[in-house]
Amino acid sequence: MRSIRADDYLCRLCAERRAAAWDHCHDHGYLRGPLCGSCNTFEGKSTPRHFIEGKEGAALHLLECQGCLEGRILPGRYHVGLVQKHLEATERHRHRSRPCRRQPWARHVQLAHGAHRFELECWQHSTTWTKDVTVPDTLALVRDFVDQALAARPGTVTVPAQAALGTQTRA
């Protein structure tokens, strides 16, 4: 019996080049699909955040792993990057009694005592502060990200919350 070769397929991510390898999840061991050498290298060598933000369909590709999909999780190496992205979008320091409008830069400092510590910096005001995000809160952010990625899949039908709950609205 002939084994199925990756180069019999187009790359699942770019859909432009012939695949060179079968990509797999290092956390669960499941195959995710065929990738060309360029996309496979990008997934393995880029920062997790750069991969997710820089490659269309990256999150859904990671969720081709049955373990990740069933657990509504991404491989562990992606967790800190998602928290950084969240903190940069939501955290603000106060400047002159008002929240600063500038998005801070977040850097992961350490994982200790069940929490990830981040240092945030506003370059405009030369202000730095720290923020701790617990491991359970990190997992909740990852699950929210996964749920959003799954809901945005092509062909996914979203039902308005009121319809899903069986409630009615009056005009």
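Remember, predicted model here, so these are calculated numbers, not experimental data.
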*Fit a plane to each ring of Phe51 and Tyr78, take the angle between them on a 0 to 90° scale, and name the class: parallel (under 30°), tilted (30 to 60°) or perpendicular (over 60°).*
tilted

*Residues in side-chain hydrogen bond (donor to acceptor under 3.5 Å, both in side chains) with His28, at least two apart?*
none

_I'd like to check Cys122 versus Trp105 (side-chain heavy atoms, cut-off strictly below 4.5 Å). Are they in contact?_
no

_Working to the nearest 0.5 angstrom, can you tell me the gap between Leu60 CG and Lys55 NZ?_
14.5 Å

_Quick one, Tyr30 with Glu64, criterion side-chain contact (heavy atoms from CB on, under 4.5 Å). Give me CA distance, side-chain angles, the key distance, then yes/no._
CA-CA 8 Å; Tyr30 290 105; Glu64 289 294 326; over 6 Å; no

*asked:* Could you report the tightest heavy-atom contact between Pro104 and Arg92, atom names first, then the distance?
replied: CD-NH1, 3.2 Å

*Value rounded to 0.5 Å, distance of SG in Cys25 from CG in Leu69*: 11.5 Å

*Which atom names give the shortest non-hydrogen contact between Pro75 and Asp27, and what distance separates them?*
CA-OD2, 3.2 Å

*asked:* Does any part of the side chain of Ile73, heavy atoms only, come nearer than 4.5 Å to the side chain of Val146, both counted from C-beta?
replied: no

*Who passes side-chain hydrogen bond (donor to acceptor under 3.5 Å, both in side chains) against Arg72, sequence neighbours left out?*
Asp147

*Could you tell me whether the side chain of Cys11 reaches within less than 4.5 Å of the side chain of Pro34, counting heavy atoms only?*
no

_If you count every heavy atom of other residues, nucleotides or ligands that lies below 6.0 Å from Trp123 atom CH2, does the total exceed 12?_
no

*Taking the side chain as C-beta and beyond, is there a heavy-atom pair between Val109 and Phe118 under 4.5 Å?*
no

_List the residues meeting side-chain hydrogen bond (donor to acceptor under 3.5 Å, both in side chains) with Arg107, not counting sequence neighbours, and say none if there are none._
Glu119

*Please round to the nearest 0.5 Å and tell me the distance separating atom NE2 of His93 and atom CG of Leu120.*
10.0 Å

*Answer yes or no: are there more than 12 heavy-atom neighbours, outside Arg77 itself, under 6.0 Å from its atom CZ?*
yes

Show me, pair by pair, the donor-acceptor contacts under 3.5 angstrom made by side chains of residues 12-24, not counting sequence neighbours?
residue	atom	partner	partner atom	Å
Arg12	NH1	Arg32	O	2.2
Arg18	NH1	Asp7	O	2.6
Trp22	NE1	Ile4	O	3.3
Asp23	OD1	Arg32	NH2	3.4
Asp23	OD2	Arg32	NE	2.8
Asp23	OD2	Arg32	NH2	3.2
Asp23	OD2	His61	NE2	2.7

*Given the rule that I, L, V, M, F, W and Y join up when any side-chain heavy atoms are under 4.5 Å apart, are Leu87 and Val80 in one cluster?*
yes

*Leu82 versus Ile52: any side-chain heavy-atom pair under 4.5 Å?*
yes

*Taking C-beta and beyond as the side chain, do Glu121 and Thr127 meet within less than 4.5 Å on heavy atoms?*
no

*Non-neighbouring partners of His116 that pass side-chain hydrogen bond (donor to acceptor under 3.5 Å, both in side chains), sequence neighbours left out*: His108

*Please check if atom NE2 in His125 has more than 12 non-hydrogen atoms from other residues, nucleotides or ligands closer than 6.0 Å.*
yes

*So do Pro99 and Arg94 actually touch side chain to side chain, heavy atoms under 4.5 Å?*
yes

_Ring-ring centroid check Phe145 His86, cutoff 6.0 Å_ = no

*Search all heavy atoms of Asp132 against all heavy atoms of Ala115 and return the closest pair with its distance.*
CB-CB, 4.3 Å

*Testing Thr138, Leu141, Leu111 for side chain to side chain contact (heavy atoms under 4.5 Å, CB included) with His79, which one passes?*
Thr138

*asked:* Taking salt bridge (charged side-chain N to carboxylate O under 4.0 Å, His left out) as the definition, give me every residue that meets it alongside Arg49, ordered by chain and number, with sequence neighbours left out.
replied: Glu53, Glu88

